[in-house]
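Please read all numbers here as calculations on a predicted model, not as lab measurements.
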Amino acid sequence: MIKYTEDHEWIKVEGDVAIVGITHHAQDALGDVVFVDLPSVGSKLAQKEVAGVVESVKAAADVYMPISGEVTEVNEALRDDPSLANTDPLGAGWFFKVTLSDKGQLDALMDETSYTAFSASA
């Protein structure tokens, strides 16, 4: 299951763990990503709290926590090659993994159909 936020993050849930990244729309709006600041493993973050930063040739943008939880892993390959956020934002360009503390928060996020309509109007 993949859900989306109004801030253009995606979250893919696999059991009690979720993978988080930025959407195609976000990376397209940012342009060429040149740097990412990822959260520390073990960080406990609340939904909508800033979890990191992505910088591009055009701008810098905060990456928000789509759901409350604890960061269990970060994508070191993305630190080494930030362009993965452009070339494969829903795959190799993931940002971090988190253990979910409140799965009920997923209900407020958008499914793919809703997100596609939302991002088309943004």
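- Here the closest non-hydrogen pair linking E55 and A60 is CG-CB, 3.7 Å.
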Chi angles and distances behind the side-chain contact (heavy atoms from CB on, under 4.5 Å) call for K3, V13: CA-CA 8 Å; K3 296 282 199 159; V13 180; 5.8 Å; no
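- P89 approaches Q27 most closely through the heavy-atom pair CG-CG, 4.0 Å.
- Hydrophobic clustering (ILVMFWY, side-chain heavy atoms < 4.5 Å, transitive): M110 and V20 are in distinct clusters.
- Distance alone, capped at 3.5 Å, is enough to place a donor-acceptor pair between the N86 side chain and the V33 backbone.
- Residues that satisfy the salt bridge (Lys or Arg N to Asp or Glu O under 4.0 Å) test with K12, not counting sequence neighbours, are E14.
- Here the CG-CZ distance, from D37 to R79, works out to 7.5 Å after rounding to the nearest 0.5 Å.
- Under the 4.5 Å side-chain criterion, counting only non-hydrogen atoms from C-beta, W94 is in contact with E73.
- V63 and L84 fall within a single hydrophobic cluster, where Ile, Leu, Val, Met, Phe, Trp and Tyr are joined by side-chain heavy atoms under 4.5 Å apart, directly or via other members.
- Using a distance-only test at 3.5 Å, with no hydrogens or angles considered, no donor-acceptor pair links the side chain of K58 to the main chain of D32.
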Show, in sequence, the C-alpha distance, side-chain angles and deciding distance for D16 and K103, and conclude whether the side-chain contact (heavy atoms from CB on, under 4.5 Å) test is met. CA-CA 8 Å; D16 288 337; K103 283 189 175 181; 3.2 Å; yes
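- Between I11 atom CD1 and Y4 atom OH the span is 12.0 Å, to the nearest 0.5 Å.
- Interatomic distance, CD of E9 versus CD1 of I67, reported as 13.0 Å (0.5 Å rounding).
- For the atom pair OG of S56 and CG of D28, the computed distance is 11.0 Å after rounding to the nearest 0.5 Å.
- The backbone N or O of I22 lies less than 3.5 Å from a partner atom in the side chain of W10, making a donor-acceptor pair.
- No single ILVMFWY cluster, assembled from side-chain heavy atoms under 4.5 Å apart, contains both V54 and I19.
- In plain terms, the two heavy atoms of L100 and A18 that are nearest each other are CD2-CB, 3.7 Å.
- Atom-to-atom distance recorded for E6:CD and L109:CG is 9.5 Å, nearest 0.5 angstrom.
- Ring orientation note: the planes of H8 and Y115 are nearly perpendicular, at an angle over 60° on the 30°/60° scale.
- L106 and L45 end up in the same hydrophobic cluster when Ile, Leu, Val, Met, Phe, Trp and Tyr side chains are linked at under 4.5 Å.
- When each of K44, Q47, Q105 is tested with S68 by the rule side-chain hydrogen bond (donor to acceptor under 3.5 Å, both in side chains), just one qualifies, namely Q105.
- For the pair S101 and G69, the tightest heavy-atom approach, listed with the atom from each and the gap, is OG-N, 3.7 Å.
- Under a hydrophobic-cluster definition in which Ile, Leu, Val, Met, Phe, Trp and Tyr are linked whenever side-chain heavy atoms come within less than 4.5 Å, directly or via other members, V17 and F95 are assigned to different clusters.
- Although no hydrogens or angles enter the test, the distance criterion places a donor-acceptor pair under 3.5 Å between the side chain of N75 and the main chain of A92.
- A heavy-atom distance below 4.5 Å is found between the side chains of M65 and F96.
- Heavy-atom minimum distance, V98 versus V71: CG2-N, 4.1 Å.
- In this structure, the side chains of E112 and I2 stay at 4.5 Å or more apart for every pair of heavy atoms.
- In this structure, T5 and Y64 have side chains that are not in contact, with every pair of non-hydrogen atoms separated by 4.5 Å or more.
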